[in-house]
**Q** 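Supplied in structure tokens, the structure appears directly below.
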Amino acid sequence: MAVDKELLEMDLYGLLGVGEKASEKEVKKAFRQKALTCHPDKNPDKPRAAEIFHQLSQALAVLTDATARAAYDRVRRARQQAAERTQKLDEKRKKVKLDLEAREREAQTQESEEEETKITRTLEQEIIRLWEEGSRQLEEQQRLIQEQIRLEREQQIPGKQERNGAEGKVTPKLKLRWKCRKEDETRGGYSEDVLLRILQKYGEVLNLLISSRKTGSAVVEFATVKAAEMAVKNEVGLINNPLKISWLEGQPQHSPSTAPPDSTSQPRTSQGSVVSERDYESLVMMRMRQAAERQQLIQQLQREDEEESHT
């Protein structure tokens with residue numbers, strides 16, 4: 001199996017936007033944030049979206065595998081050292097043009113190329129191993145990405161969004177509180193951009209109002225109750241200054257049930273006709289499966305956020 005030469009030349013840390021010493025959790029978090037913006041399913045009209053998503057996936061696979069990451073780091077350091085040597089040789093070449101020094105430079109360059117070829121071959125072998133064995137981290141993160149995209153699509157389906165409209169339903173509003181001194185110009189680390197970035201991962205945010213009178217306080221309005229519930233249950237905010245989130249308006253009386261509908265009621269198609277018994281059973285099974293997948297996603301996100309809050 002041949003290894004993509006472009007992968008060997010890429011700055012995988014730069015591609016994900018993390019530092020060379022980034023932890024595995026930070027690498028996975030960066031992957032999710034970037035992959036959601038360029039996933040092929042969300043960008044059907046952008047041919048390069050699939051290519052970029054593939055590159056991000058390869059970067060995740062390499063940087064979450066200790067052996068492959070060590071091999072990549074050796075290649076990266078070797079190239080940096082080679083670049084430094086080349087720069088020094090270029091500066092020296094301008095001053096001295098003797099044949100002896102030219103031969104010395106050729107010998108040093110050859111040794112450098114041989115060493116780089118050797119450690120690059122090691123990285124190629126590690127990447128091939130990952131492809132053959134399958135990256136568990138990559139598979140898990142791609143599953144989470146697909147589930148989040150599916151949840152976003154469900155929220156956009158007409159009739160499923162619980163907006164303030166003809167039915168007169170109240171849109172859910174949450175109260176946010178955090179520690180902040182009056183003289184703190186950074187607002188305790190929570191600017192409007194920071195809060196939106198934190199909250200929008202649960203669903204569409206209709207409005208966000210940061211209090212100008214009471215420091216460390218804001219109100220957010222979500223488009224759906226489901227998004228608000230996920231934010232209340234899972235979000236902890238910044239590690240060094242946690243968020244306290246409570247319901248302000250629109251809290252449901254009962255938690256959403258994951259059980260199938262009453263078997264005595266018959267679902268109808270968009271044309272109003274009663275579906276067949278087989279179709280109804282398939283619909284019930286699909287809803288049960290989707291509910292279980294949503295619960296697994298919530299638990300996964302909650303575990304990762306709790307782990308990050310304790311590090």
**Q** Within a 6.0 Å radius of atom CZ on R181, are there more than 12 heavy atoms belonging to other residues, nucleotides or ligands?
**A**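 Open: at most 12 neighbouring heavy atoms sit under 6.0 Å from CZ of R181.
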**Q** Compare every heavy atom of L195 with every heavy atom of A218, then report the nearest pair and how far apart it is.
**A**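 Scanning both residues, the minimum pair turns out to be CB-CD1, 4.4 Å.
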**Q** Within this structure, what is the CD-OG distance for the pair Q251 and S246, rounded to the nearest 0.5 Å?
**A**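 These two atoms lie 9.5 Å from each other.
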**Q** Look at the side-chain heavy atoms of Ile, Leu, Val, Met, Phe, Trp and Tyr, link any pair under 4.5 Å apart, and say whether V219 and I210 land in one connected group.
**A**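 No: no chain of side-chain contacts under 4.5 Å links V219 to I210.
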**Q** Any sub-3.5 Å donor-acceptor pair from Q148's side-chain atoms to K201's backbone N or O?
**A**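 Yes, Q148 side chain to K201 backbone: donor-acceptor pair under 3.5 Å.
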**Q** Taking all atoms of both residues into account, what is the closest heavy-atom pair of W247 and P172, and its distance?
**A**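 Shortest heavy-atom contact: CZ3-CB, 3.8 Å.
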**Q** Would you sort out whether R77 and E20 count as a side chain to side chain contact (heavy atoms under 4.5 Å, CB included), showing the intermediate values?
**A** CA-CA 11 Å; R77 284 193 294 270; E20 188 174 351; 4.1 Å; yes
**Q** Distance from D65 atom CG to E24 atom CD, nearest 0.5 Å?
**A**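 Result: 9.0 Å between the selected atoms.
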**Q** Is a side-chain donor-acceptor pair under 3.5 Å present for T171 with E221?
**A**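 Present: a donor and an acceptor within the cut-off.
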**Q** Among L15, V27, L12, which residue meets the side chain to side chain contact (heavy atoms under 4.5 Å, CB included) test with L60?
**A**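 The residue from L15, V27, L12 that satisfies side chain to side chain contact (heavy atoms under 4.5 Å, CB included) with L60 turns out to be V27.
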**Q** Looking at every heavy atom in both G17 and K34, which two are closest together, and how far apart are they?
**A**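 Nearest pair, atom of G17 first, then K34: N-CE, 3.8 Å.
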**Q** To the nearest 0.5 Å, tell me how far Y13 OH sits from R69 CZ.
**A**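 These two atoms lie 4.0 Å from each other.
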**Q** Give a yes or no on whether the backbone of K46 and the side-chain of N43 come within a donor-acceptor separation of less than 3.5 Å.
**A**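 No, because the side chain of N43 does not come within donor-acceptor range (under 3.5 Å) of the backbone of K46.
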**Q** Are I245 and L248 grouped together when hydrophobic residues (ILVMFWY) are joined by side-chain heavy atoms under 4.5 angstrom apart?
**A**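 Looking at the clustering, L248 is in a separate group from I245.
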**Q** Report whether L196 and L238 are members of the same hydrophobic cluster (ILVMFWY, side-chain heavy atoms less than 4.5 Å apart, transitive linking).
**A**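 Yes, because L196 and L238 connect within a single hydrophobic cluster, where side-chain heavy atoms sit under 4.5 Å apart.
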**Q** Determine, stepwise, if the pair D184 / K179 fulfils side chain to side chain contact (heavy atoms under 4.5 Å, CB included).
**A** CA-CA 10 Å; D184 186 358; K179 294 181 180 179; over 6 Å; no
**Q** With hydrophobic residues grouped by side-chain heavy-atom distances under 4.5 Å, do I149 and I52 end up in a single group?
**A**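 Yes, it is one cluster - the side chains of I149 and I52 are joined through contacts under 4.5 Å.
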**Q** May I have the step-by-step check of side chain to side chain contact (heavy atoms under 4.5 Å, CB included) for V18 and F31, ending in yes or no?
**A** CA-CA 10 Å; V18 298; F31 168 78; over 6 Å; no
**Q** Quick check on E185: does its CD atom have over 12 non-hydrogen neighbours (other residues, nucleotides or ligands) under 6.0 Å away?
**A**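 For E185, atom CD is not crowded (no more than 12 foreign heavy atoms under 6.0 Å).
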**Q** List the atom of Y72, the atom of M10, and the distance in Å for their closest heavy-atom pair.
**A**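 Shortest heavy-atom contact: OH-O, 3.0 Å.
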**Q** Using atom types as modelled and distance alone, determine if a side-chain donor or acceptor of N234 lies under 3.5 Å from a backbone N or O of M230.
**A**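 At least one qualifying donor-acceptor pair exists.
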**Q** Main chain of G188, side chain of N241: is a donor-acceptor contact present, judged purely on distance under 3.5 Å?
**A**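 Yes.
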**Q** Does any N or O in the side chain of T122 come within less than 3.5 Å of the main-chain N or O of A71, such that one atom is a donor and the other an acceptor?
**A**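 Answer holds: no.
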**Q** Donor-acceptor pair, distance only, cut-off 3.5 Å: does the side chain of W178 make one with the backbone of R187?
**A**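 Indeed, once roles are kept as given, a pair shorter than 3.5 Å links the two residues.
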**Q** Rounded to the nearest 0.5 Å, what separates atom OG in S23 from atom NZ in K28?
**A**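 Between atom OG of S23 and atom NZ of K28 there are 9.0 Å.
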**Q** What pair of heavy atoms forms the shortest contact from P44 to K42, and how long is it?
**A**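 Scanning both residues completely, I find the closest heavy atoms to be CD-C, 3.4 Å.
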**Q** With rounding to the nearest 0.5 angstrom, report the CZ to OG1 distance, R74 to T120.
**A**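 That separation rounds to 10.5 Å.
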**Q** From K173 NZ over to F222 CZ, what is the distance, rounded to the nearest 0.5 angstrom?
**A**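 Result: 12.5 Å between the selected atoms.
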**Q** Against L56, only a single residue in L16, I145, T37 fulfils side chain to side chain contact (heavy atoms under 4.5 Å, CB included); can you say which?
**A**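 That would be L16; it is the only one of L16, I145, T37 passing the side chain to side chain contact (heavy atoms under 4.5 Å, CB included) with L56.
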**Q** Taking side chain to side chain donor-acceptor pair (under 3.5 Å) as the criterion, tell me which of K226, K233, E229, E235 meets it with Y202.
**A**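 By the side chain to side chain donor-acceptor pair (under 3.5 Å) criterion, Y202 pairs with just one of K226, K233, E229, E235: E235.
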**Q** Which heavy atom in A35 sits nearest to a heavy atom in F53, and how many Å separate them?
**A**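 For A35 versus F53, the nearest heavy atoms are CB-CE1, 3.7 Å.
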**Q** Passes side chain to side chain contact (heavy atoms under 4.5 Å, CB included), L199 versus L176? Steps please.
**A** CA-CA 11 Å; L199 298 169; L176 311 177; 4.0 Å; yes
